[in-house]
Amino acid sequence: MHVFTNRPEISNAVAKHKENGSKIGFVPTMGALHRGHASLFNFALQKCDVVVVSIFVNPTQFNNSQDLETYPRDLQADLELLENINPNLIVFAPSTTTIYGTNIESIDYNFDGLDTVMEGAFRPGHFEGVATVLKYLFEIVQPHFAFFGEKDYQQLQIVNKLVAIEKLPVEIIGCPISRHDDGLAESSRNMRLTHNHREIAPFIYSTLLKAKELFDDKGIEEIHHFVTNAFAESALLKLEYFEIANARTLEHTVAKRANESYRAFIAVFAGDVRLIDNIALN
Ligand code: PAF
């Protein structure tokens, strides 16, 4: 497996594959790879001739320095997992200086409100950091397709917007959420859960499923009450937000409209581990 750490080398390697007519897929990650990432790599490998995976813990998307410090990093374990999935994967594992030089700052973007709700409201500046690193990574890797999980559905919408704003020549592919057998969405953060929190964490998805069941017959407010009450009874899980939003604009929904798609979004603390999930409601 080829592992590149600097810009010209990865750019040249990709350019050579393009000259041979290969379709290039790209899966950006922050490492701590798990089965959820593996499903993205497999989507990319099915659609593309050559797949590049980046491993880079992006400092500008952390609004909490402790979160950045404690973010799990194990490059060796990540490389072993990638090698087992497919030794033809190309890895790009740059340093912070390679990506940002000496200016570790986000670019100012106007995402028409997509970035100020839900995750954006609770993690100010997070999406500008995500967009900034993706702009740099897309410019370096120059893929035809880039793959993102729907677990970070809001991020996926922001990436689509970024591509439109920057007119980047890449097609964004959203991939379904990968879940454990008990329903918990795969996440790098799951490995930080205590035994008791891991046992109770599938309650997040089962509550989303109930919200989806209620969506046909009940009003938005009633569903909010149902979810809030369900979490109020849990000693181990603390609800940060539950939101029903327009799937396209991510605007908070107070009443359903015909011909619109809606999604429910949730963020929950299991001890000090923050978990997010979402589900299509119609
Ligand atoms: O979803 C992630 O892991 C990160 O936000 C991303 C897209 C790799 C950007 O750092």
Side-chain angles (χ1 to χ4, degrees), residues 10 25-41 43-44 51-65 67-75 77-78 81-82 89-100 104-107 109 111 114-115 118-120 122-141 143 145-163 165-166 168 170-178 185-192 250 265 267 273-278:
I10 180 83
F26 178 41
V27 186
T29 81
M30 297 207 298
L33 302 177
H34 51 71
R35 284 195 327 181
H37 292 109
S39 92
L40 293 181
F41 307 145
F43 271 105
V51 174
V52 179
V53 175
S54 64
I55 298 178
F56 177 63
V57 181
N58 173 34
T60 62
Q61 70 188 75
F62 288 83
N63 56 319
N64 173 333
S65 57
D67 211 12
L68 172 61
E69 272 158 35
T70 57
Y71 200 85
R73 292 166 174 87
D74 189 345
L75 183 60
D78 289 342
L81 182 140
L82 291 168
L89 288 167
I90 295 178
V91 180
F92 181 43
S95 66
T96 304
T97 315
T98 298
I99 296 295
Y100 285 98
I104 308 176
E105 271 180 28
S106 297
I107 300 168
Y109 281 108
F111 290 123
L114 286 174
D115 58 331
M118 298 186 290
E119 288 306 286
F122 285 90
R123 303 175 70 187
H126 168 69
F127 286 119
E128 283 190 331
V130 170
T132 301
V133 77
L134 289 176
K135 173 183 148 56
Y136 295 153
L137 288 169
F138 287 152
E139 284 169 354
I140 297 168
V141 177
F145 301 96
F147 296 79
F148 292 86
E150 285 186 346
K151 182 166 95 56
D152 297 303
Y153 187 88
Q154 189 173 4
Q155 169 171 281
L156 176 61
Q157 298 305 98
I158 301 264
V159 178
N160 281 316
K161 190 85 182 168
L162 168 76
V163 167
I165 293 172
E166 296 282 4
L168 299 169
V170 54
E171 188 178 323
I172 303 303
I173 315 273
C175 304
I177 301 175
S178 171
E186 300 264 6
S187 164
S188 310
R189 290 164 190 249
N190 294 350
M191 63 177 82
R192 289 178 46 219
L250 301 184
F265 297 84
V273 183
R274 187 172 180 277
L275 301 172
I276 60 168
D277 203 347
N278 69 86

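Bear in mind that the values here come from a model prediction, so they are computed numbers and not experimental data. Both counts, for ligands and for their atoms, begin at 1 and track the order of listing.
Taking the six-membered ring where tryptophan is involved, the planes of Phe41 and His37 are essentially parallel, since the angle between them stays under 30° and well short of 60°.
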Under 3.5 Å: N or O atoms of ligand 1 paired with protein N or O:
from: ligand 1; atom 1: 1 (O); to: Gln155; atom 2: NE2; distance (Å): 2.9
from: ligand 1; atom 1: 5 (O); to: Gln61; atom 2: NE2; distance (Å): 3.0
from: ligand 1; atom 1: 5 (O); to: Gln155; atom 2: OE1; distance (Å): 2.7
from: ligand 1; atom 1: 10 (O); to: Gln61; atom 2: OE1; distance (Å): 2.6

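Partners of Leu75 according to the side chain to side chain contact (heavy atoms under 4.5 Å, CB included) rule, which considers only residues two or more places apart in sequence or in another chain, are Ile55, Leu79, Ala93.
Between the side chains of Tyr100 and Asn58, a donor-acceptor pair is found at a separation under 3.5 Å.
In this structure, the ring of Phe62 has its center less than 6.0 angstrom from the ring center of Tyr71.
With Thr132 contributing its side chain and Ile107 its backbone, the two residues share a donor-acceptor pair below 3.5 Å. For Asp74 (side chain) and Ala77 (main-chain N/O), a donor-acceptor pair under 3.5 Å exists by modelled atom type.
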